[in-house]
Amino acid sequence: MNGQKFSPIKFQDGMLLILDQTKLPTTTEYLEMHTKEDVWHAIHKLQVRGAPAIGIAAAYGSYISVKGSMEQDYEGFYTEFCMVKDYLDSARPTAVNLSWALSRMEQCVKENKSCTVEEIKGAMLKEAERIKTEEETACLAMGEYGLSLLKSGMGILTHCNAGILATSKYGTALAPLYVGQEQGYAFNVFADETRPLLQGARLTAWELNQSGIPVTLICDNMASMVMKNGWIDAVLVGCDRMAANGDGANKIGTSGVAILAKEYGIPFYMCVPTSTIDFDTPNGEEIKIELRSGDEISQMWYEKEMAPAGIQTYNPAFDVTEAKYITAVITEKGIAYPPYEESLRGLLEK
Ligand code: MRU
């Protein structure tokens, strides 16, 4: 079964383990998470990344951060939990799954107010497990809905990594491909390398390869060419935060791919679990975009500096694809079509 070989997050024998994605594709190494600092660092440095995976890591991370708490009464424990929650929430700003998962953990603590602190800790672990299982179920459902839009033999373009590594199992944007594989479909997948951190090259190409799905790696600036060649029948991407109007923030470069797809008449599908939809954010302009170090552009991956020393850089980690470029939003509750203000809320109420 896909996704079992290299789960990005494992919780076994009371230990939280994170597959260090900064070491892929050459090294498969799990890191032990002991403290809240370990978890914050793992999320901040993208050792664990991808919106749903960040949420799952934070949920377990909040548990392991307070499981050794010496507080005996609820008020003291709740105060300690809130400090951990705010701290972990500060690791990255754009993917809403981080605060969404931590809010669920807080809700769990509050709902168990009348229990002993040890019982609350037990409930927290169960809640983290529930979040992980729910995300896996959602990914499978997105895979089935997504597959209903595809045909065997299609050429698929994807950007960044929205696969098993970004979730827990199946992925979001890659889920239709894995579900299709299980049902005998064949796809020609093209993976944008995804500058500057190369999630497409290091992660998507790696996990599809591991899973036996043929994939062709291209540089980001080749997307137009493969579309023009007629090799792409659909674009599948993930999302880090979708606003109420259907604008979706995803890895930098996604909006360019969407604009190209519209020009070439290719459907552009965003795969978005409902945990990634933020109805409190009315539109994409309100989404906070993470800015990262310019070294990722000028130095990282190169043996020597590839830009003049001290050059000014601009390195936004995400961009917002406007709803008008998104053909459909694939969620675990069904497929939403424009106008998204109505269709997304309609799905949520299902
Ligand atoms: O910076 P990253 O690697 O965390 O960015 C990840 C993405 O942009 C993914 O496409 C997104 O989280 C969707 S993942 C299922």
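When reading the values below, keep in mind they use all heavy atoms of this one structure, side chains included, and skip hydrogens, waters and symmetry mates. Numbering of residues begins at 1 and proceeds along the displayed sequence.
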Can you name the closest pair of heavy atoms from [X] and [Y] and give their distance?
| X | Y | value |
| --- | --- | --- |
| Pro25 | Arg202 | CB-O, 3.7 Å |
| Met33 | Ile18 | CG-CG1, 3.5 Å |
| Ala53 | Leu165 | CB-O, 4.0 Å |
| Thr167 | Ile56 | O-CD1, 4.1 Å |
| Ile289 | Ala317 | CG2-N, 4.4 Å |
| Val215 | Ala191 | CG2-CB, 3.9 Å |

Which residues pass the salt bridge (charged side-chain N to carboxylate O under 4.0 Å, His left out) test with Arg49, sequence neighbours left out?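 Salt bridge (charged side-chain N to carboxylate O under 4.0 Å, His left out) list for Arg49, sorted by chain: empty.
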Can you measure from [atom1] ([X]) to [atom2] ([Y]) and round to the nearest 0.5 angstrom?
| X | Y | atom1 | atom2 | value |
| --- | --- | --- | --- | --- |
| Lys36 | Met83 | NZ | CE | 6.5 Å |
| Leu149 | Tyr269 | CG | OH | 4.5 Å |
| Cys160 | Asn250 | SG | CG | 6.0 Å |
| Tyr337 | Ile326 | OH | CD1 | 13.5 Å |
| Ile232 | Ile218 | CD1 | CD1 | 6.5 Å |
| Glu111 | Glu106 | CD | CD | 11.0 Å |

Step by step, would you call Leu197 with Glu296 a side chain to side chain contact (heavy atoms under 4.5 Å, CB included)? CA-CA 7 Å; Leu197 291 183; Glu296 292 177 354; 3.7 Å; yes
Just checking, is any N or O donor in the side chain of [X] or [Y] under 3.5 Å from an acceptor N or O on the other one?
| X | Y | value |
| --- | --- | --- |
| Ser255 | Asp319 | yes |
| Glu129 | Tyr63 | no |
| Glu182 | Tyr170 | yes |

Close side-chain approach of [X] to [Y], heavy-atom, < 4.5 Å:
| X | Y | result |
| --- | --- | --- |
| Arg292 | Ile252 | no |
| Thr194 | His159 | yes |
| Glu135 | Asn97 | yes |
| Met124 | Val109 | yes |
| Asp38 | Leu31 | no |
| Trp40 | Ser90 | yes |
| Val39 | Tyr87 | no |
| Pro52 | Cys139 | no |

Under a 4.0 Å threshold between the charged nitrogen and the carboxylate oxygen, would [Y] count as salt-bridged to [X]?
| X | Y | value |
| --- | --- | --- |
| Glu349 | Arg345 | no |
| Glu118 | Lys121 | yes |
| Asp220 | Arg195 | no |
| Glu322 | Lys262 | no |
| Arg130 | Glu127 | yes |

With the 4.5 Å side-chain cut-off for hydrophobic clustering, are [X] and [Y] part of the same group?
| X | Y | value |
| --- | --- | --- |
| Met222 | Met227 | yes |
| Ile164 | Ile156 | yes |
| Leu16 | Tyr30 | no |
| Ile213 | Leu147 | yes |
| Leu217 | Val235 | no |

In terms of ring plane angle, is the pair Tyr60 and Phe11 parallel, tilted or perpendicular, where the classes change at 30° and 60°?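 Ring orientation of Tyr60 relative to Phe11: parallel.
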Without swapping roles, check the side chain of [X] against the backbone of [Y] for a donor-acceptor pair under 3.5 Å.
| X | Y | result |
| --- | --- | --- |
| Thr26 | Lys23 | yes |
| Glu119 | Thr116 | yes |
| Tyr264 | Ile259 | no |
| Thr281 | Asn283 | no |
| Asp233 | Gly155 | yes |
| Gln181 | Ser211 | yes |
| Trp100 | Thr274 | no |
| Asp247 | Ala323 | yes |
| Thr327 | Phe268 | yes |
| Thr331 | Lys333 | yes |

Candidate pair Lys251 and Asp192, rule side chain to side chain contact (heavy atoms under 4.5 Å, CB included), full reasoning: CA-CA 11 Å; Lys251 180 51 54 192; Asp192 281 346; over 6 Å; no
Taking atom [atom1] of [X] as the centre, does the number of heavy atoms from other residues, nucleotides or ligands within less than 6.0 Å exceed 12?
| X | atom1 | result |
| --- | --- | --- |
| Met225 | CE | no |
| Gln72 | CD | no |
| Glu263 | CD | no |
| Glu305 | CD | yes |
| Gln312 | CD | no |

Determine, stepwise, if the pair Leu98 / Asp89 fulfils side chain to side chain contact (heavy atoms under 4.5 Å, CB included). CA-CA 6 Å; Leu98 181 57; Asp89 203 12; 3.8 Å; yes
I'd like to know whether Glu290 forms a side chain to side chain donor-acceptor pair (under 3.5 Å) with Thr94, so could you lay out the CA-CA distance, the side-chain angles of the two residues, the decisive distance to 0.1 Å, and finally the verdict. CA-CA 6 Å; Glu290 176 182 13; Thr94 303; 5.0 Å; no
Please test Ile120 against Tyr74 for side chain to side chain contact (heavy atoms under 4.5 Å, CB included), starting from the C-alpha separation and ending with a verdict. CA-CA 9 Å; Ile120 297 175; Tyr74 174 78; 3.7 Å; yes
